[in-house]
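Here you go, one structure.
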Amino acid sequence: MWRETKKRELATAAAVLLALAAPAAAQDEPAQPAKRPTVSRNAAPSSNATVNLINLLVKQGVLGEDQAAALIKQADDEAYIARQATRDATAKAEGAEKKATNAADAVSPPGTKRVTYVPEIVKKQLRDEIRAEVMAKAEKENWASPGKYPEWAQRIRFYGDIRARYEGDFFPRGNGPLQNFNATNTGNPFLEDNANAINPYFPPTYNTNQDRERFRFRARLGADVDLFEGFSAGLRIATGENSSPVSTNQTFGANGGNFSKYALWLDRAFVKYQPVQDVVGSVGRFDNPFWSPTDLAWYKDLGFDGFAIQAKHEVAEGFTPFFVGGAFPVFNTDLNAGLNISTLSGPIKSPSRDKWLFGGQGGFGARFDPETSLTMAVAYYDFTNVRGQLSSPCLVATASDICDTDLLRPPFAQKGNTYMRLRNIPTLTSPVTTLNYQYYGLASDFRPLVASAELDFAQFNPIHIILDAEYVWNTAFNRAAVSAIAVNNLGPTTTGAPGPFNGGNQGWLARLTVGNKEIKHLWDWNAHVGYKYLESDAMVDAFVDSDFGLGGTNLKGYFIGGNLGLGENVWASVRWMSANGIAGLPYAVDVVQLDLNARF
């Protein structure tokens, strides 16, 4: 009985001494926080020694006023937590003391006196336990740091960037006219004569001889959201003159001019699931899941619609194989595409012409030492239903008439790919006269094989020397079949008539970069130089870079550029690209770009 009494007495004394051991400043302060002292170079002396010291440092120029205000806020938060710990300790001590006193009085003889003693180690243990309890409660209820976002808002991370650009496009003399098949396929069909010879009235063409200068900008704002148990989501909106997949640039003065407002587009919308660290599944519209160090095969900011799986695993120290696979709808037939089509056998309904991209990539990352790393990968892509087909015999009397393979024309294209006529229009004069209103489809299938490599030397860290290289080969290309139906990429002749088809199915790019790997801080820098060669049908031109040669395939030439940090996450860029056509009529253009970039 006597031992139990002593234990209760010790507990009571420990709680009381713990309250006495709390910081004196925290005990003496009132329950409600006092008005926070102001920070100023001319502040009067304060009774608070800490604030006096901070104000003295401000006067001497050691601290800035923003830094001093942050220190005072931190001291206020810590004092607030200390006060909470003191209150909790006092309440627990009072409760324990009452219980211990009542129990002791019940068993002790009258007149018994008790002297308590609590070892210092017990006091420290109790103090740490109560402080941890108070901190956990403060973190959970968010009252330790007033103004802090609630828990759900802390799972949202906003980001964005803004770019202002000057661009000059300069054409030499001697360029031939390049037919704009995208303008025809997304608008009214082009009228050819019934002998399938090009109409003397030219079809829509690209500008190939008039220099242009323009100022452009790009703005993007996105958010990544952590959900639960490995799930996350993301959204991003971006500017753009249209819904082009390869450009979010907006030209100043476009869209009607006169300071008209500019459009915003949904650029990303996805859900990701990461059950373990090395496996990620994505569905929606997301960044390119395939590793691609250059923009030879894919525009660097291209968004992919569909679903993909990415996996990697370090099988040995410094050696990490990876795999990427996915399926992506390129075009889905409109539900209302069942329009009447006029044929020799009568009207029919348009069939579905869905287009898909299937892709797989395997590779590895290897670190030979802390300063040298190598990444290599091979990818295979299969585009289905992208090649054009000649329609059934189709009666076309007006530009609004439809044929059964019209949906095989590309819904978006740049330039460079080889085209064929889609419509089989017989020549009739009775009972109806047919006119050769034509749409155009791709003349080749596309199943490109892409090999990629990057070698990074960091012996002069933070300066890197990086070698990038990529090679693409369209394995589905059949030169004889394409030559038989091609309407462009035909070589010139001495007589001026179109010559034989001289397009191709391969491409490569090599680039050397020296400097900081990323531009984040003031005076960070890098510079690069490279050469690009991309034949007409090596890749679907809709998805490659939109800047070199003003976009598309069937281009070769040099490029050089550099970046310089102007501050935290602010940098300037300059780039010069000199491109020449490979097949078809002569074409050349020099593009100069000056950028001011900022990200947040």
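FYI, the numbering just counts along the sequence from 1. Just the heavy atoms: all of them, side chains too, but no hydrogens, waters or symmetry mates, feed the values below.
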Item to check | Residues R423 and D406 bridged, charged N to O under 4.0 Å | outcome: yes
Checklist outcome for this item: The ring-ring contact (aromatic ring centres under 6.0 Å, His included) partners of W473 (sequence neighbours excluded) come to none
Checklist entry - Of the non-hydrogen atoms in L422 and G441, which two are nearest, and what is the gap between them? => result CG-N, 3.5 Å
Item to check | R409 and T186: CA distance, side-chain angles, deciding distance, side chain to side chain contact (heavy atoms under 4.5 Å, CB included) verdict | outcome: CA-CA 9 Å; R409 67 190 191 272; T186 57; over 6 Å; no
Checklist entry - Taking the six-membered ring for Trp, are the ring centroids of W508 and Y531 within less than 6.0 Å of each other? => result yes
Checklist entry - Which residues pass the side-chain contact (heavy atoms from CB on, under 4.5 Å) test with E314, sequence neighbours left out? => result T320
Item to check | Residues forming a side-chain contact (heavy atoms from CB on, under 4.5 Å) with N175, sequence neighbours excluded | outcome: F171, P172, T208, Y587, A588
Next on the checklist: Under the criterion salt bridge (charged side-chain N to carboxylate O under 4.0 Å, His left out), I'd like the reasoning laid out for R285 against D305: C-alpha separation, chi angles, the key distance, then a yes or no.
Outcome noted: CA-CA 4 Å; R285 180 175 178 82; D305 302 335; 2.7 Å; yes
Checklist entry - Under the 3.5 angstrom rule, does the side chain of D524 hit a backbone N or O of G565 as a donor-acceptor pair? => result no
Checklist entry - For A263, what residues pass the side-chain contact (heavy atoms from CB on, under 4.5 Å) criterion, not counting sequence neighbours? => result W265
Next on the checklist: Tell me the closest heavy-atom pair linking T405 and S391, and the distance in Å.
Outcome noted: OG1-CB, 3.3 Å
Checklist entry - salt bridge (Lys or Arg N to Asp or Glu O under 4.0 Å): which pairs involve residues 562-576, sequence neighbours left out? => result D547-R575
Item to check | Residue list, salt bridge (Lys or Arg N to Asp or Glu O under 4.0 Å) with D301, at least two apart or on another chain | outcome: R218, R220
Item to check | Residues that K520 engages under salt bridge (Lys or Arg N to Asp or Glu O under 4.0 Å), provided they are two or more places apart | outcome: E518
Item to check | Smallest separation among heavy atoms of S536 and T553, with atom names | outcome: O-OG1, 2.8 Å
Item to check | I309 CD1: over 12 foreign heavy atoms closer than 6.0 Å | outcome: no
Next on the checklist: So for atom CH2, which belongs to W576, do other residues, nucleotides or ligands contribute more than 12 heavy atoms lying within a distance under 6.0 Å?
Outcome noted: yes
Checklist outcome for this item: Heavy atoms of E241 and A254 approach each other most closely as OE2-CB, 4.0 Å
Next on the checklist: I need the full list of salt bridge (Lys or Arg N to Asp or Glu O under 4.0 Å) pairs touching residues 587-600, with sequence neighbours left out, sorted by first then second residue.
Outcome noted: R165-D595
Next on the checklist: Between L512 and L467, does the side chain to side chain contact (heavy atoms under 4.5 Å, CB included) criterion hold? Intermediate values first, please.
Outcome noted: CA-CA 5 Å; L512 169 66; L467 297 172; 3.4 Å; yes
Item to check | ring-ring contact (aromatic ring centres under 6.0 Å, His included) involving F217 - partner list, sequence neighbours excluded | outcome: F252, Y262
Next on the checklist: Tell me whether F460 at atom CZ has more than 12 heavy atoms from other residues, nucleotides or ligands lying less than 6.0 Å away.
Outcome noted: no
Checklist entry - Of all heavy-atom pairs between A598 and V570, which one has the smallest distance, and what is that distance? => result CB-CG2, 4.3 Å
Item to check | Side-chain ion pair, R268 and D287, N-O less than 4.0 Å | outcome: yes
Checklist entry - What residues, two or more places apart in sequence or in another chain, satisfy salt bridge (Lys or Arg N to Asp or Glu O under 4.0 Å) together with R214? => result E167, D169
Item to check | Contacts of type ring-ring contact (aromatic ring centres under 6.0 Å, His included), residue F170, not counting sequence neighbours | outcome: none
Checklist entry - With T513, which residues qualify under side-chain contact (heavy atoms from CB on, under 4.5 Å), at least two apart? => result I466, R511, N526, H528
Item to check | Donor-acceptor pair between Q459 and T372 side chains, under 3.5 angstrom | outcome: yes
Item to check | Short side-chain donor-acceptor distance under 3.5 Å, Y206 and N180 | outcome: yes
